K.L.:
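Below you'll find the structure I mean.
Throughout, protein chains are lettered first and strands after them, A, B, ... in sequence-line order, and every chain is numbered starting at 1. In this text, all values refer to a predicted model and were calculated from it rather than measured experimentally.
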2 protein chains.
Amino acid sequence: MSLVSIMEKSTCSCENCQLRSLFFSHVSMDELNNICDIKIEKQYSKGESITNEGERIHEFLYMKEGLVKLSKTDIDGKDQILSFSKPFDFVSLLSVFSSDKYKYSVTAIEDTTVCILDLEVVKKFAQQNAMFTMDLMSSISEATDKILLDNLAIKRKHLKGRIAHVLLYFSDYIYKKDEFELPISRREIAEYIGMTTENVIRTLSEFRKDNIIKIFGKDILIADKKRLRSISEFG
Amino acid sequence: MSLVSIMEKSTCSCENCQLRSLFFSHVSMDELNNICDIKIEKQYSKGESITNEGERIHEFLYMKEGLVKLSKTDIDGKDQILSFSKPFDFVSLLSVFSSDKYKYSVTAIEDTTVCILDLEVVKKFAQQNAMFTMDLMSSISEATDKILLDNLAIKRKHLKGRIAHVLLYFSDYIYKKDEFELPISRREIAEYIGMTTENVIRTLSEFRKDNIIKIFGKDILIADKKRLRSISEFG
DNA sequence: CGCGGCTTTGATGTTCATCAAGTAAAGTGG
DNA sequence: CCACTTTACTTGATGAACATCAAAGCCGCG
């Protein structure tokens, strides 16, 4: 939070970047080097804001490492969390080709590295390289589809099912472990699932009493995943 | 519902089609004629299914006229409605470039005309025409963004606000009239806003008793739009 | 005509938000 | 570094919002 972000021109290492397959798979090495030259890598510490709802979009950016949340603030100042994203579920592109302003805020919930390209340059490039544009489109389409599906899944569940869903999301999808540190507060869980903070806490406590999970502050251990799954699917 | 769908090779009239601007604005007249030649127009009567969740995607399709719903059936057989779409908010493309199977079902809720192109042909075309692909991407991005925003808006409202939201949606956005025939059943409203059919009906009755709307079966007249707006925004 | 689906209303109970109050943890300024 | 302030977390009590169950009327359709 208090750490100063570090911005630096990266040494060009794009050709080995895992993200190449994301939408640079049909970009030649020459072209990639051109892109690489103008690329900036930027670090954000946990809690830092990456883009803000309403701000003008000047840059094309995608996550190299870390974890972020997508959120939107309503008139009363209350936040709603739309989704969480890790690299490959990149996300800051959401409005890039349909709006000139960000429709959502993106905030790091773990230390995050982002690659930044000038939007105009990328657009110009996209106009000349249809394969790149198609790969881009696939990625955007896949990412938003994931968000839509997730929101639908949450919508049809009750409080307990939603909490179970969130725990399984972080356990199965993000950390791939049964023990992990929750990267978000109880309030943020509430903002994500559309319930109150108090009820999020109550439900977590209930799961603890039923020996489904163990809680040490932000550290969560899933003790009975089978049961958690059945709660998530609702029964 | 019981009407037989009519499928016919259209006479080529694409050059005057209102939808040209959608993603054919950067397509030359020659290319457009090529597309036009392989295009099929298909009519669906109210209630007919256009695409089915889980089915393989063979075609690229977009709405020329009408109104459809996007929905998904969960394990218990319960439907959830994701959104409604009219031409320009086209929608069947949602999964087209990120999956080989439809993730949602599309059903006509008014008589609907759809233009159908072979997906492989469109993909090949997209690979050669980056501007077309970019226009396509903008359209997809805009359409899904609209769905996400709408779902977020509904999520933060209570029953009454959600019903008001739906009524205003059809009045302001779809029909641009204060009196209209609801194209969907009470149950479908419930499936859309994530509440029960009974409570949808109760709330509509309440609005009627408070002289906010008049109801004649499926015909709705909005008598006090100001009040409805304030309910939608919640107060 | 009768069946199934849609609509409507009422009664009842569950789920959840709200209010309140207190503890713990974490950031802030002198 | 300590007092101070704020933010996060937790639990309980209460009432409001909503789902569920039940029953009946309506309409279109085979």
Side-chain angles (χ1 to χ4, degrees), chain A residues 1-4 45-48 69 76-81 107 109 154-166 181-210 213-220 231 234-235, chain B residues 1-3 45-47 69 74 76-81 107 109 154-164 166 181-210 213-220 231 234-235:
Chain A
M1 203 87 75
S2 59
L3 289 180
V4 178
S45 332
K46 179 170 180 148
E48 271 190 301
K69 69 169 177 182
D76 315 337
K78 271 185 251 170
D79 279 1
Q80 285 183 285
I81 294 179
T107 311
I109 57 175
I154 287 175
K155 200 174 175 183
R156 68 163 166 268
K157 292 173 189 179
H158 291 190
L159 176 53
K160 284 184 197 178
R162 292 182 187 189
I163 301 289
H165 177 99
V166 171
E181 189 190 331
L182 257 186
I184 53 173
S185 68
R186 316 296 199 241
R187 182 162 59 82
E188 285 172 308
I189 296 178
E191 287 168 354
Y192 179 50
I193 65 174
M195 307 249 150
T196 58
T197 309
E198 291 97 318
N199 281 326
V200 169
I201 291 166
R202 253 187 278 273
T203 307
L204 286 173
S205 301
E206 207 176 312
F207 285 175
R208 178 174 41 74
K209 280 172 205 153
D210 293 345
I213 58 172
K214 291 187 181 175
I215 306 177
F216 325 91
K218 294 239 169 190
D219 288 317
I220 302 282
I231 293 171
F234 209 43
Chain B
M1 201 89 72
S2 58
L3 289 179
S45 332
K46 179 169 181 150
K69 69 170 177 181
D74 74 6
D76 314 335
K78 271 184 250 171
D79 279 1
Q80 284 183 286
I81 295 179
T107 311
I109 57 174
I154 287 175
K155 199 175 177 183
R156 68 162 167 266
K157 292 173 188 179
H158 291 189
L159 176 54
K160 284 185 198 177
R162 291 182 187 188
I163 301 289
V166 171
E181 189 189 332
L182 257 186
I184 53 173
S185 69
R186 314 299 198 240
R187 183 162 59 82
E188 285 172 308
I189 296 178
E191 287 168 354
Y192 180 50
I193 65 172
M195 307 249 149
T196 59
T197 309
E198 292 97 319
N199 280 327
V200 169
I201 291 163
R202 254 186 276 273
T203 306
L204 286 172
S205 301
E206 207 176 313
F207 285 175
R208 178 174 40 73
K209 280 173 203 152
D210 293 346
I213 59 172
K214 293 188 179 173
I215 306 176
F216 324 92
K218 294 243 170 188
D219 288 319
I220 303 282
I231 293 171
F234 209 42

K.L.:
Separation of B:D219 atom CG from D:dC27 atom C1', in whole Å?
P.N.:
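Interatomic distance, CG of B:D219 to C1' of D:dC27: 15 Å.
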K.L.:
Any chance the side chains of B:T203 and B:E206 put a donor and an acceptor closer than 3.5 Å?
P.N.:
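B:T203 vs B:E206: no donor-acceptor pair found between side chains.
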K.L.:
Whether the side chain of B:R202 and the base of D:dT20 hold a donor-acceptor pair under 3.5 Å is what I'd like checked.
P.N.:
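Checked by distance alone, the answer is yes.
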K.L.:
Write down the distance between CD1 (A:I201) and P (C:dA25), rounded to a whole number of angstrom.
P.N.:
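That distance rounds to 14 Å.
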K.L.:
B:L159 side chain: which of C:dT9, D:dT10, D:dC18 is closest?
P.N.:
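The answer is D:dC18, which lies nearest to the side chain.
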K.L.:
Write down the distance between CG (A:D76) and P (C:dT18), rounded to a whole number of angstrom.
P.N.:
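The distance from CG of A:D76 to P of C:dT18 comes to 11 Å, rounded to the nearest Å.
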K.L.:
Starting the side chain at C-beta, find the nucleotide from C:dC19, D:dA8, D:dA22 nearest to A:E198.
P.N.:
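Closest nucleotide to the A:E198 side chain: C:dC19.
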K.L.:
Does the B:K218 side chain pair with the main chain of B:I184, one donor and one acceptor, at a distance under 3.5 Å?
P.N.:
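Side chain of B:K218 to backbone of B:I184, a donor-acceptor pair under 3.5 Å: yes, one is there.
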K.L.:
So, is B:R208 near the phosphate of C:dT9, with a side-chain N or O under 4.0 Å from OP1 or OP2?
P.N.:
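Result: yes.
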K.L.:
Taking the minimum atom-to-atom distance to the side chain of B:R187, which one of C:dC6, D:dT10, C:dA17 wins?
P.N.:
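Nearest to the side-chain atoms of B:R187, counting from C-beta on, is C:dC6.
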K.L.:
Just to confirm, is there a sub-4.0 Å distance from OP1 or OP2 of D:dA8 to any side-chain nitrogen or oxygen of A:R186?
P.N.:
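So the side-chain polar atoms of A:R186 never come under 4.0 Å of the phosphate oxygens OP1 or OP2 of D:dA8.
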K.L.:
Check whether more than 12 heavy atoms from other residues, nucleotides or ligands sit under 6.0 Å from atom NZ of B:K157, and answer yes or no.
P.N.:
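Enclosed: over 12 neighbouring heavy atoms sit under 6.0 Å from NZ of B:K157.
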K.L.:
Any idea which of D:dA19, D:dA8, D:dT11 is nearest the B:N199 side chain?
P.N.:
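Nearest to the side-chain atoms of B:N199, counting from C-beta on, is D:dA19.
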K.L.:
Nearest whole angstrom, please: distance from the C1' of D:dT7 to the CD of A:E191.
P.N.:
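Computing the A:E191:CD to D:dT7:C1' distance gives 13 Å.
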K.L.:
Can you figure out which of D:dA8, C:dA17, D:dT10 approaches the side chain of A:S185 most closely?
P.N.:
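Out of D:dA8, C:dA17, D:dT10, the nucleotide with an atom closest to A:S185's side chain is D:dA8.
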K.L.:
Reckon B:S205 touches a base, only the sugar-phosphate, or nothing at all at heavy-atom distances under 4.0 Å?
P.N.:
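Touches sugar-phosphate only.
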K.L.:
Is the shortest distance from a Lys or Arg side-chain nitrogen in A:E191 or A:R187 to a carboxylate oxygen in the other one below 4.0 Å?
P.N.:
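Yes, charged N to carboxylate O under 4.0 Å.
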K.L.:
Establish, with yes or no, whether the OP1 or OP2 oxygen of D:dC9 is under 4.0 angstrom from a side-chain nitrogen or oxygen of A:K218.
P.N.:
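The answer is yes; a side-chain N or O of A:K218 sits under 4.0 Å from OP1 or OP2.
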K.L.:
To the nearest angstrom, how far is A:K160 atom NZ from C:dA17 atom P?
P.N.:
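Answer to the nearest Å: 14 Å.
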K.L.:
Tell me whether A:R162 contacts the main-chain N or O of A:I193 through its side chain, where contact means a donor paired with an acceptor under 3.5 Å.
P.N.:
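Side chain of A:R162 to backbone of A:I193, a donor-acceptor pair under 3.5 Å: yes, one is there.
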K.L.:
Can you check the A:R162 CZ to C:dT15 P distance for me, whole Å?
P.N.:
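Value for this atom pair: 14 Å.
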K.L.:
Could you give the CD-to-P distance, from B:E206 to C:dG10, as a whole number of Å?
P.N.:
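Whole-Å distance recorded here is 12 Å.
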K.L.:
Once you round it to whole Å, what is the distance between P of D:dC9 and CZ of A:F216?
P.N.:
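One finds 16 Å between P of D:dC9 and CZ of A:F216, rounded.
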